[in-house]
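To start, the structure itself, in structure tokens.
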Amino acid sequence: MAIHIHDTLAGKKVALEPIAPGRIGFYACGPTVYDMSHVGHARSYIVWDVVVRHLRARGLTVKYVRNFTDVDDKIIKRANERGEDPVALAARFADEYLADMDALGNLRPEAAPRVSEHIPQIVTLIERLVEREFAYAPGNGDVYYAVRRFPDYGRLSRRNLDDLQAGARVDPGEAKRDPLDFALWKGAKPGEPAWDSPWGKGRPGWHIECSAMTLEHLGAPFDLHGGGKDLVFPHHTNEIAQSVGAVGDGVHAETFARHWMHHGFVEIDDEKMSKSLGNFFTIRDVLARHDAEGLRLFLLGTHYRNDFNFSDALLAEAERRLAYLYETLEKADRIGAGAEPAAEAPFAGEARAALDDDFNTPRVLGILADVFTEANALCDAKGKKSPADRARLAAFARDARAVAGLLGLLSRAPAEALRALRDRAALRRGVDGAEVERRIVERAQARKDKDFARSDAIRDALLAQGVVLMDGPQGTSWKVE
RNA sequence: GGCACCGUCGCCAAGUGGUAAGGCCCGGGUCUGCAAAAUCCGUAUUCGGCGGUUCGAAUCCGCCCGGUGCCUCCA
């Protein structure tokens with residue numbers, strides 16, 4: 001019954017036991033907003049969305065914090081290229097990101113802090129690190145973290161300082177005592193946004209913002225910190241070092257975030273999708289052609305810790321699968337209408353148990369597959385439905401929605417969703433819906449005249465365009481493959 | 001080079017000691033004017049390879065082969 005998660009810090013599955021009973025403080029590393037978000041980001045935040053939904057469904061009060069990194073080298077670089085103010089550019093892409101999150105159906109976090117709004121907290125944190133001698137200011141405007149001061153350094157990423165030593169490097173102009181030390185504060189350079197500090201004008205280093213924002217919004221220690229697995233080192237490793245040095249016991253990683261979750265990458269042709277490789281699809285572009293729930297279903301078909309190979313064909317398959325789920329729901333709704341729903345079916349409990357086990361969404365989809373098949377069989381069975389059957393179908397529809405809701409799926413009215421799905425597919429195939437409707441009318445007349453040759457010719461012609469006709473008691477409906 | 005991860009049916013993908021979920025595809029049946037949809041039946045004695053531990057391993061250990069990631073910005 002207890003919820004278990006794979007904790008990167010522990011290196012294994014552990015029970016999630018809230019620090020304060022019934023409450024979970026959860027921090028998800030947000031995006032660096034210098035461009036449109038891509039499918040990799042979509043997966044990341046859909047995963048965290050499911051985590052939050054399920055924890056809440058289990059009765060926990062979750063405070064979900066998801067930051068924006070809006071002060072950063074890449075943002076400055078991009079802004080300078082475009083002759084735009086870095087903070088304004090970041091704000092614009094933050095808005096785009098939020099629009100994408102809404103479009104994906106992700107719950108909004110309780111707090112969405114930005115680096116640019118937490119400079120005083122960051123400065124205070126760095127001051128404390130200097131006081132406690134975890135950091136030093138060599139006088140060049142920079143402040144560095146002294147990695148050797150923190151005995152637990154590298155535990156999260158399972159690295160020791162000696163292994164890291166080999167690959168370490170120091171950029172010209174830096175004044176590190178140890179090559180592995182990293183910047184907490186960077187002295188201002190021309191053309192960069194800068195804030196006042198005890199060390200002169202400058203801006204925060206990459207990792208310190210998350211320390212400051214978690215402490216501001218969740219305090220330390222807090223329960224759960226999440227991010228992509230690419231953040232384990234150096235970002236989260238350094239975040240632990242800073243936070244434990246400033247507000248923890250100075251020794252143990254647990255005195256910052258208790259548990260850490262990391263998800264796998266989205267890949268294209270088995271290579272990591274990333275801005276730097278240029279092999280990415282933006283969320284905006286994908287949702288122009290595909291259904292958001294279809295994308296969720298597709299993404300959640302793989303466990304969050306595994307890498308995920310993205311492909312258009314597989315996404316389309318997931319959308320057809322989503323259409324099947326909605327078609328089934330529509331039938332069950334119709335037949336079960338007015339019936340008093342039966343008690344909760346066992347599958348709902350099984351699905352929740354699967355999520356308890358490190359958020360096993362593929363297993364949930366497997367469980368749903370079985371009950372949808374059963375429901376369909378019941379809907380299509382010949383003869384009048386008994387009150388018990390109708391009660392079962394009503395319960396199925398209710399419970400299926402509840403389970404799917406944990407994944408952010410099946411949230412729409414079936415008819416509306418099916419229309420949206422068909423429109424998207426028609427758009428992709430270049431199918432004209434009005435023309436299809438006209439052909440269906442023609443074919444209906446042909447069938448009435450028993451002119452099956454003509455009727456079949458029309459159907460075959462439509463099929464060649466990807467339009468599938470389905471003759472039923474209420475007439476002919478169609479969909480696009 | 002260091003540190004991790006991954007390799008399960010044609011494709012996607014669960015399963016981490018007790019004898020291989022599920023989806024797509026495919027073959028056959030029911031339904032249908034014929035189809036489609038839906039449904040039923042069938043489809044991996046086997047989990048990259050070779051050894052080992054064990055009463056028992058896809059699951060643990062070792063070696064090998066293949067792939068990826070992190071070590072520099074990244075969800």
Side-chain angles (χ1 to χ4, degrees), chain A residues 8 11-13 28-32 34-35 37-48 69 72-75 77 154 157-160 162-169 171 180 206 226-235 237 262-267 270-277 280 297-298 301-303 305-309 311 313-314 316-318 320-321 323-324 327-328 331 354 357 360-370 372-382 447 450-453 455-456 459-460 462-463 467-472 476-479 481:
Chain A
T8 311
K12 60 181 179 186
K13 262 189 217 177
C29 258
T32 300
Y34 70 103
D35 204 342
S37 300
H38 58 62
V39 178
H41 299 106
R43 161 132 104 144
S44 182
Y45 302 107
I46 287 171
V47 165
W48 305 135
T69 296
D72 162 272
D73 291 350
K74 287 193 298 298
I75 295 170
K77 182 165 176 279
S157 40
R158 269 152 257 282
R159 286 159 209 256
N160 63 61
D162 297 325
D163 290 340
L164 288 165
Q165 205 71 46
R169 65 170 204 216
D171 286 333
L180 292 173
W206 176 31
K229 69 179 183 181
D230 47 354
L231 298 179
V232 175
F233 186 90
H235 187 234
T237 296
H262 295 277
H263 66 253
F265 299 133
V266 171
E267 308 179 318
D270 296 315
E271 271 200 325
K272 178 183 172 186
M273 178 185 289
S274 74
K275 298 265 169 84
S276 37
L277 285 173
F280 61 89
L297 181 66
F298 181 39
T302 296
H303 185 84
R305 279 194 289 127
N306 292 143
D307 289 336
F308 184 99
N309 209 220
S311 95
L314 260 15
E317 182 185 313
R320 287 192 290 274
R321 182 71 189 156
Y324 163 86
E327 282 161 11
T328 306
K331 283 194 272 189
D357 184 14
N360 194 334
T361 56
R363 201 148 107 208
V364 173
L365 297 178
I367 290 165
L368 287 178
D370 290 335
F372 271 72
T373 298
E374 272 177 45
N376 253 314
L378 188 53
C379 287
D380 290 356
K382 294 209 159 172
R447 292 181 75 206
K450 301 277 186 230
D451 185 355
F452 293 121
S455 150
D456 291 351
R459 187 174 63 200
D460 290 346
L462 287 170
L463 187 60
V467 176
V468 181
L469 264 32
M470 293 166 290
D471 297 327
T476 299
S477 60
W478 61 281
K479 66 178 171 189
E481 281 189 317

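Chain A is the first sequence line, chain B the second, and so forth, proteins listed ahead of strands; every chain is numbered from 1. Remember, it's a predicted structure, so these values are computed and weren't measured experimentally.
The cationic atom of A:R159 (NZ for Lys, CZ for Arg) lies less than 6.0 Å from the six-membered ring centre of A:F233 and within 45° of the ring axis.
Listed pair A:Y34 / B:A75 fails the phosphate criterion, with no side-chain N or O lying under 4.0 Å from OP1 or OP2. For the OP1/OP2 pair of B:A14 and a distance below 4.0 Å, the side-chain nitrogens and oxygens of A:N360 include no atom meeting the criterion. Residue A:K12 has no polar side-chain atom (N or O) positioned under 4.0 Å from OP1 or OP2 of B:U16. The side chain of A:T32 places an N or O atom within less than 4.0 Å of a non-bridging phosphate oxygen (OP1 or OP2) of B:A75.
Checking B:C60 for Watson-Crick or G-U wobble geometry (two distances, each under 3.5 Å) identifies B:G52 as its partner. Across every strand in view, B:G17 sits unpaired, with no contact that passes the Watson-Crick or G-U test at under 3.5 angstrom. Remark: B:A38 base-pairs with B:U30; criterion is Watson-Crick or G-U wobble with both hydrogen-bond distances under 3.5 Å.
When the P atom is compared between B:A13 and B:G17, the two are found 23 Å apart, to the nearest whole Å. Taking atom C1' in both B:A20 and B:G56, one finds a spacing of 15 Å when rounded to whole Å. Nucleotides B:A57 and B:G51 place their C1' atoms 14 Å apart, quoted to the nearest Å. Nucleotides B:C34 and B:C24, compared at atom C1', are 26 Å apart to the nearest Å. Using P as the reference atom, B:U68 and B:C61 are 24 Å apart when rounded to the nearest Å.
The aromatic rings of A:H41 and A:H38 sit tilted, their planes meeting at an angle between 30° and 60°.
Residue-level contact check: A:N309 touches neither bases nor backbone, having no heavy atom under 4.0 Å from any strand.
Regarding A:R363, its CZ atom lies at a distance of 13 Å from the P atom of B:A21, rounded to whole Å. Taking atom CG on A:L463 and atom C1' on B:C34, their separation rounds to 14 Å, with Å as the unit. What separates CG of A:D471 from P of B:A35 is a distance of 12 Å, to the nearest Å. In this structure, A:R305 places its CZ atom 15 Å from P of B:A13, rounding to the nearest Å. With rounding to whole Å, A:N306 atom CG is found 8 Å from B:A13 atom P. Whole-Å rounding puts the A:K13 NZ to B:U59 C1' distance at 12 Å. To the nearest angstrom, P of B:C6 lies 15 Å from NE2 of A:H262. For the pair A:H235 NE2 and B:G69 P, the interatomic distance rounds to 21 Å; values are reported in whole Å.
Residue ring and base: A:F265 does not count as stacked with B:G69 (centre distance below 5.5 Å and interplanar angle below 30° not both satisfied).
Panel note: side chain A:T476, backbone A:D471; no donor-acceptor pair is recorded below 3.5 Å.
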